[in-house]
Amino acid sequence: MPSHLQEPDRAASDPVEPVPEGAGRPPRGGLPQPGPPPRPEAANDAPGPDAAGPAPAEDEYTTAIQELEDRWRRALADLDNLRKRHARELERERAVERSRTAAAFLPVLDNLELALAHAGADPGAIVEGIRAVRDQAVNALELLGYPRRAETGVAFDPARHEVVGVVQDPDAAPGTVVEVLRPGYGDGERQLRPAAVTVAKRE
């Protein structure tokens, strides 16, 4: 009776190779193998909420700062123009005042020219002419706001008088002006110079 030899089961007879630790097992049923997990950097590559531009509040602050800077520059320009205009007006007023002062003394010079022209005619007339010219110059200063101050017998005033000597005078009250050696012109803040005087000595 013939005997049929059966082939030994290869799956059972072949030795099974050990699978190293950490190695993935082969897929079953043809399912796709899952890919590696996403990198942490991938989340950072995505555009954030600020990628479209700055926040609206920052835009408002920037606009407000620019407006303030523009106003500041315009204010500086206006102030500089005002300063220049004031300087021009002040110089113009000074020129007008100088012209007015010089014009007030033109008649004085004219009279001096006439006195010198008639110097050889009459010496007495020359003296009277010079005195008239002096009075005219004093009047011009008074019109300009600087009256002549040459009073005697008044009390000494340090704001109006400059003491150049102290004298003994029994007819004058102590501390009063005895003699004016050089008249003064003007009063207070508009004083050209104080009068040079001698004062009676106090006992």
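Atoms considered below: every heavy atom in the structure, side chains included; atoms not considered: hydrogens, waters and symmetry mates.
For the pair Tyr185/Gln191, no side-chain contact is recorded, criterion being any heavy-atom separation below 4.5 Å from C-beta on. Between Arg182 and Arg193, some side-chain heavy-atom pair lies under the 4.5 Å cut-off. Using a 4.5 Å heavy-atom cutoff, the side chains of Asp187 and Arg149 are in contact. Side chains of Pro107 and Phe105 form no contact here, defined as non-hydrogen atoms less than 4.5 Å apart. Inter-residue side-chain proximity for Leu143 and Asn139 is flagged as met; some heavy-atom pair is nearer than 4.5 Å. In this structure, His161 and Pro194 have side chains that are not in contact, with every pair of non-hydrogen atoms separated by 4.5 Å or more.
Annotation for Val178 and Ala172: closest pair CG2-CB, 4.1 Å, computed over non-hydrogen atoms. The two residues Thr152 and Glu179 have their closest heavy-atom pair at CG2-CA, 4.2 Å. Of all heavy-atom pairs between Val164 and Ala196, the closest is CG1-CB, 4.0 Å. Residues Pro183 and Ala150 share a closest heavy-atom pair of CB-CB, 3.9 Å.
In this structure, the side chain of Ser99 engages the main chain of Ala95 through a donor-acceptor pair within 3.5 Å.
Each of Glu93, Glu89, Arg88, Arg94 was evaluated against Glu91; a single residue qualifies, Arg94, per the side-chain contact (heavy atoms from CB on, under 4.5 Å) test.
Residue Asn111 holds its CG atom at 4.5 Å from CD of Gln136, rounded to the nearest 0.5 Å. Summarising the geometry, atom CG belonging to Leu109 is positioned 11.0 Å from atom CG belonging to Leu114; distances are rounded to the nearest 0.5 Å. Atom-to-atom distance recorded for Arg148:CZ and Asp135:CG is 8.5 Å, nearest 0.5 angstrom. Distance check, rounded to the nearest 0.5 Å: CZ of Arg85 to CZ of Arg83 gives 12.0 Å. Interatomic distance, Leu144 CG to Thr101 OG1, rounded to the nearest 0.5 Å: 5.0 Å. Remark: Thr63 OG1 to Leu68 CG distance equals 11.0 Å, nearest 0.5 Å.
Residues Asp80 and Lys84 are paired through a salt bridge, judged by an N-O separation under 4.0 Å between the basic side chain and the carboxylate.
In the hydrophobic clustering, Val197 connects to Val154, Phe156, Val163, Val166, Val177, Val180, Val199, either directly or through intervening members, whenever side-chain heavy atoms lie under 4.5 Å apart.
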